[in-house]
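First up is the structure itself, then whatever we jot down about it.
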Amino acid sequence: MIRKCLFPVAGYGTRFLPATKAMPKEMLPVVNKPLVQYGVEEAAEAGMNRIGFITGRGKRAIADHFDISYELEKEIEGSGKENLLTSIRKLIDENEFAFKRQNHMKGLGHAILSGKYLMGDEPFAVVLADDLCIPAEDGEGVLSQMVKIFNQFRCSVVAVQEVPQEEVHKYGVIAGEEMKDGLFRVTDMVEKPANEDAPSNLAIIGRYILTPDIFDKIKDTPPGKNGEVQITDALLKQAQEGCVLAYKFRGTRFDCGSIDGFVEATNHVYENIFKKG
Ligand code: UTP
């Protein structure tokens, strides 16, 4: 049973400046919901109701979003607009939220390590909310699919997707032995390789299930690519000493950390979800 999900949201979101100057990237709305709410809904659908955020300076809007706004509720009472708050009220009522600050932006690995005391000694999920994942037609979210894999194999699982060869340099990339359709045992992992050096075109996206020994592995991981502590490097150690699985998920993922991906996501959600009610 995986109960906890960690959201590292401390990054600066520089690709979205000036929009992200005073507002967290994770609060950018895709149609009418902020990115981070989609992520928390996905976690809730997968059965996780303890949500931890690794935040930073200037991210208070996220904590406010997952808290009740009494003034607002009073204001719109009887106006017919109450239903616009239903989805967020449901999340607030059914989940617990905890926050911890990452004092130095030392990379995703470091952000996850900052969540050690929030996550404790149990397996947990990690969601990068700027990767928006829309479930496949059967409606099963990506985290939900990954929980099933974890329950079967009891080791860390990363979600991967095939990307064009000229884009692999933007991602952590895996090499692996295919155990069954779409499920790989990881043999190698490289963070942001040169396109010509990448071991495959299977790119890691922002969904992970991690076993708690990852924290010791991160502690032993020196800064890597771009001088940041990379979760990819810690996961490679886990793969070499034990097992890490890479899962080609069902569904559509949008890179909402980039302007193009964000606009595509907005159009997709508006046409396929919002307009259809
Ligand atoms: P990104 O590199 O995609 O996010 O990190 P960013 O740094 O905010 O965006 P750009 O590149 O400047 O536009 C992936 C995720 O890891 C988190 C980010 O918040 C994002 O969700 N992160 C990254 C941290 O929480 N702490 C860090 O030190 C680095």
Side-chain angles (χ1 to χ4, degrees), residues 5-30 34-40 42-43 51-63 65-66 97-119 124-133 142-143 158-161 163 167-173 189 191-193 203-210 214-215 218-219 221-235 253-263 265:
C5 186
L6 189 67
F7 286 74
V9 294
Y12 291 120
T14 52
R15 282 168 291 170
F16 260 96
L17 285 170
T20 46
K21 182 166 174 273
M23 184 185 80
K25 163 171 80 173
E26 297 77 12
M27 287 303 291
L28 288 171
V30 171
L35 276 169
V36 67
Q37 186 175 334
Y38 290 94
V40 172
E42 186 183 328
I51 308 296
F53 292 97
I54 300 303
T55 69
R57 289 172 292 282
K59 300 275 180 172
R60 285 186 55 182
I62 296 175
H65 189 68
F66 292 100
F97 300 94
F99 298 83
K100 177 158 192 316
R101 281 197 179 191
Q102 183 188 13
N103 307 114
H104 303 282
M105 299 312 129
K106 291 190 196 163
L108 179 58
H110 180 260
I112 293 174
L113 183 58
S114 309
K116 183 173 176 0
Y117 292 101
L118 291 181
M119 295 298 109
F124 61 99
V126 174
V127 168
L128 306 186
D130 52 356
D131 269 341
L132 175 61
C133 290
V142 175
L143 273 188
V158 298
V160 291
Q161 134 177 56
V163 297
E167 286 183 21
V168 289
H169 66 278
K170 298 180 191 164
Y171 296 90
V173 179
M189 254 181 186
E191 183 61 29
K192 301 189 175 67
I204 303 172
I205 64 127
R207 299 290 182 278
Y208 306 77
I209 289 182
L210 301 174
I214 195 71
F215 294 122
I218 301 174
K219 269 189 210 151
T221 301
K225 201 86 181 185
N226 302 333
E228 296 186 334
V229 179
Q230 300 290 349
I231 187 64
T232 312
D233 297 338
L235 276 164
R253 166 253 177 193
F254 295 95
D255 173 13
C256 291
S258 76
I259 305 267
D260 289 346
F262 183 83
V263 173

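Read the numbers this way: they start at 1 and go in the same order the structure lists the ligands and their atoms. Values below: every heavy atom of this structure, side chains too, minus hydrogens, waters and symmetry copies.
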Atom 8 (O) of ligand 1 - nearest protein heavy atom and its distance: G13 N, 2.8 Å

Contacting atoms of ligand 1, where contact means under 4.0 angstrom from a heavy atom of L108: 16 (O), 29 (C)

Polar atom proximity, A111 to ligand 1 (N or O, under 3.5 Å): no

Taking distance alone, with N or O pairs closer than 3.5 Å, would you say A10 contacts ligand 1? yes

Return the residue, atom name and 0.1 Å-rounded distance of the protein heavy atom closest to atom 4 (O) of ligand 1. K25 NZ, 3.0 Å

Look up atom NZ in K106 and atom OG in S114, then write down how far apart they are to the nearest 0.5 Å. 8.5 Å

Students should be able to answer this: which protein heavy-atom is nearest to atom 18 (C) of ligand 1, and at what distance? G11 N, 3.6 Å

Examine distances only and state if a side-chain atom of E228 and a backbone atom of Q230 form a donor-acceptor pair shorter than 3.5 Å. no

For the rings on F215 and Y117, is their centre-to-centre separation under 6.0 Å? no

Atom NZ in K192, atom OH in Y171: separation rounded to 0.5 Å? 10.0 Å

Numbering the atoms of ligand 1 from 1, which are under 4.0 Å from a heavy atom of M105? 28 (O)

Between D130 and K25 (salt bridge meaning N to carboxylate O under 4.0 Å), is one present in this structure? yes

If I apply the N/O under 3.5 Å rule, does L128 come out as touching ligand 1? no

Atom 10 (P) of ligand 1 protein-contacted, heavy-atom criterion under 4.0 angstrom: yes

For E26, counting its heavy atoms only, list the atoms of ligand 1 lying under 4.0 Å from any of them. 19 (O), 21 (O)

What distance separates D255 CG from D260 CG, expressed to the nearest 0.5 Å? 9.0 Å

Mind checking the CD-CG spacing from Q161 to D131? Nearest 0.5 Å is all I need. 8.0 Å

Indicate yes or no for a side-chain donor-acceptor contact from T20 to the backbone of M23 under 3.5 Å, with no hydrogens or angles considered. no

is_close_aromatic(F16, F262), centroid dist under 6.0 Å: yes

Can you list the atoms of ligand 1 that are under 4.0 Å from a heavy atom of V9? 19 (O), 25 (O)

Nitrogen or oxygen atoms of T14 and ligand 1 under 3.5 Å apart: yes

Checking the N or O distance criterion of under 3.5 Å, is ligand 1 in contact with E228? no

Value for CG (L113) from CD (Q102), rounded to nearest 0.5 Å, stands at 9.5 Å

Please work out whether any backbone atom (N, CA, C, O) or any side-chain heavy atom from C-beta onward of K106 is under 4.0 Å from ligand 1, and answer side chain, backbone, both or neither. backbone

Note the single closest protein heavy atom to atom 3 (O) of ligand 1, along with its residue, its atom name and the distance in Å. R15 NH2, 3.2 Å

Atom 28 (O) of ligand 1 [closest protein heavy-atom partner, distance rounded to 0.1 Å]: G107 N, 2.9 Å

Look only at interatomic distance and state if P8 has a nitrogen or oxygen under 3.5 Å from any nitrogen or oxygen of ligand 1. yes

Protein heavy atom at shortest distance from atom 26 (N) of ligand 1: Q102 OE1, 2.7 Å

At what distance, to the nearest 0.5 angstrom, does OH of Y208 lie from CG of L143? 12.0 Å

